[in-house]
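To start, the structure itself, in structure tokens.
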There are 2 protein chains.
Amino acid sequence: MGIGRPRTFDRDTALDQAMEVFWRHGYEGATIAQLTDAMGINPPSLYAAFGSKEALLKAALDRYTLRREAWMEEVLGAPTAREVTARMLMGVAEKQTDPSNPPGCLLVQGGLACGSGSSNVPFELAARRAQTEEQLRHRFERAKDEGDLAPSADPAALARYVSAVITGMSVMASSGADREALTQVAVVAIKAIEDQSVRAPVPAN
Amino acid sequence: MGIGRPRTFDRDTALDQAMEVFWRHGYEGATIAQLTDAMGINPPSLYAAFGSKEALLKAALDRYTLRREAWMEEVLGAPTAREVTARMLMGVAEKQTDPSNPPGCLLVQGGLACGSGSSNVPFELAARRAQTEEQLRHRFERAKDEGDLAPSADPAALARYVSAVITGMSVMASSGADREALTQVAVVAIKAIEDQSVRAPVPAN
DNA sequence: CCAGATTTGTAGTGCTCGCTACAAATGTGG
DNA sequence: CCACATTTGTAGCGAGCACTACAAATCTGG
């Protein structure tokens, strides 16, 4: 009993190529032909390795989340809610216009305009976006406990707000907005959080 | 020489039905079968009346813009930049969760995740979104001239910001967010504009 | 009531989609 | 060198897509 012919491609490398196609064209906009071209393999190899187009997307999403994990921890590690928001939004402005990736965010670009057929892809993407919002909410709750945010502040609302701004920036980026435009949005958006911050840590102002 | 068999459907009514389908499923997600079903006509009638799927979308977009014209004038007629922003965002929160329409905004929901093929639909939608941003920019420039916005304020950046928040809210709405969630976002977002407003008109604060 | 003009419904067109059957190719264990 | 297991490339499956050819139906002008 043998082990079989060995695979001629690297799974993770192929997944990166697939991620880029989904990122640029969306889930329904990406065709198997585009995916196999980018991955450098043929359809049977794709289906043997990943199962289906939807399963391939989920694998790509997992990899996308993994890639951003370190950055997210750096963002959430900022000392104040204001600084968390600033790092988050300025970082998003930078990442969403990084020429080494498609513009915008995979979790937004990949899922809209999906036919409401049997596919649950839009729901899947919304759930993954909600994860980021939840992380922000927890961080803002901590900020409120630490007295960094005003007692009247609503951590859930603030997290929703930051999440909404990120999503809006993503759509702008995928429509061709440049880094300066996104940075302008980020700078204005941060002011809404400053407004609910306790100014104590900033001396003499 | 006769005039021909009369049309059995109303063009504008059919256009409203088509708009709803595009709104709910996006441009590429909407099929001709769905459109003709909703419009109550057969494909040849659709093509005779509108020319093509893309032309039908553009006609629906024109009608969408027309529908919102009166509301936009009411928003832009508010006395201050802060009030313009408040009416805009609170109105968007309400309209995007109005159960008599699909959730979100047609100009966002209709155009993302379109394959970058020969179709210029995403570009068309981005241009229409930019129109709203431009209207806001002009209004904020006026506000600055009138001393309502601080001299340091950047009307273009503020308009971009409000436009980004609206877009983010639209994606949230189409992912199932309810009116309360959108209102929370709007309330926080407005604070960023207040921050750059001259407080003079608000006495004793 | 007939001739010309237009719309209507039926029934497709060619094309592309996600996906797969199949056999040749390439590996390992004995 | 031979079974056996797995992958590879080719070639094509049924389904659904945007779109249309065609003839019957329905109007007006004379």
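Letters A, B, ... are given to chains in the order of the sequence lines, protein chains preceding strands, and every chain is numbered from 1.
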- Message: Just to verify, what does B:Arg139 make a salt bridge (Lys or Arg N to Asp or Glu O under 4.0 Å) with, not counting sequence neighbours?
- Response: none
- Output yes when at least one side-chain N/O atom of B:Thr8 is less than 4.0 Å from OP1 or OP2 of C:dT8, else no. yes
- Identify, with sequence neighbours excluded, every residue that meets ring-ring contact (aromatic ring centres under 6.0 Å, His included) alongside B:Tyr47. none
- Item | Earlier contact from the 5' end, DNA chain D, for B:Ser52 and B:Arg5 | B:Ser52
- Under the salt bridge (Lys or Arg N to Asp or Glu O under 4.0 Å) test, residues paired with A:Asp62 that sit two or more places apart: A:Arg128
- Task: Let me know the distance between NE2 of A:His25 and P of C:dC17, rounded to the nearest Å.
- Result: 12 Å
- Tell me the ring pair (Phe, Tyr, Trp, His ring centres under 6.0 Å) pairs involving residues 143-173 of chain B, sequence neighbours left out? none
- Message: When you measure from the side-chain N and O atoms of B:Tyr47 to the phosphate of D:dC19, is any distance below 4.0 Å, counting only OP1 and OP2?
- Response: yes
- Item | ring pair (Phe, Tyr, Trp, His ring centres under 6.0 Å) contacts in which one or both residues fall within residues 74-104 of chain A, not counting sequence neighbours | none
- Message: Rounded to whole Å, how long is the line connecting atom CD1 of B:Ile3 with atom P of C:dA3?
- Response: 18 Å
- Item | Salt bridge A:Glu146-A:Arg142, side-chain N to carboxylate O under 4.0 Å | yes
- Could you give the OH-to-P distance, from B:Tyr27 to D:dC17, as a whole number of Å? 14 Å
- Note on the structure: Heavy-atom nearest nucleotide on DNA chain D taken for A:Gly4 and for B:Thr31; more 5' hit belongs to A:Gly4
- Nucleic acid contacts - residues 9-17 of chain A versus DNA chain C, non-hydrogen atoms under 4.0 Å: none
- Query: Quick one: which of C:dG18, D:dA18, C:dT7 gets closest to the side chain of B:Lys53?
  - Reply: D:dA18
- Item | Check ion pair B:Glu134-B:Arg137 (N to O, under 4.0 angstrom) | yes
- Item | Pairs flagged by salt bridge (charged side-chain N to carboxylate O under 4.0 Å, His left out) wherever residues 84-96 of chain A is involved - sequence neighbours left out | A:Glu83-A:Arg87
- Query: Are any of B:Ser45's side-chain N or O atoms less than 4.0 Å away from OP1 or OP2 of C:dT8?
  - Reply: yes
Polar pairs (N or O, both sides) under 3.5 Å between protein and nucleotides 10-14 of chain C?
none

- Query: What is the distance from CG of B:Leu46 to P of C:dT7, rounded to the nearest Å?
  - Reply: 13 Å
- Query: CE of A:Met39 versus C1' of D:dG9: gap in Å, rounded?
  - Reply: 16 Å
- Using whole Å, report how far CZ of B:Arg7 lies from P of C:dA5. 18 Å
- B:Tyr64: what forms a ring-ring contact (aromatic ring centres under 6.0 Å, His included) with it, not counting sequence neighbours? B:Trp23
- Query: Just checking B:Ala30: base, sugar-phosphate only, or nothing, at a heavy-atom cut-off of under 4.0 Å?
  - Reply: sugar-phosphate
- Item | Separation of atom CZ in A:Phe50 from atom P in C:dT20, rounded to whole Å | 16 Å
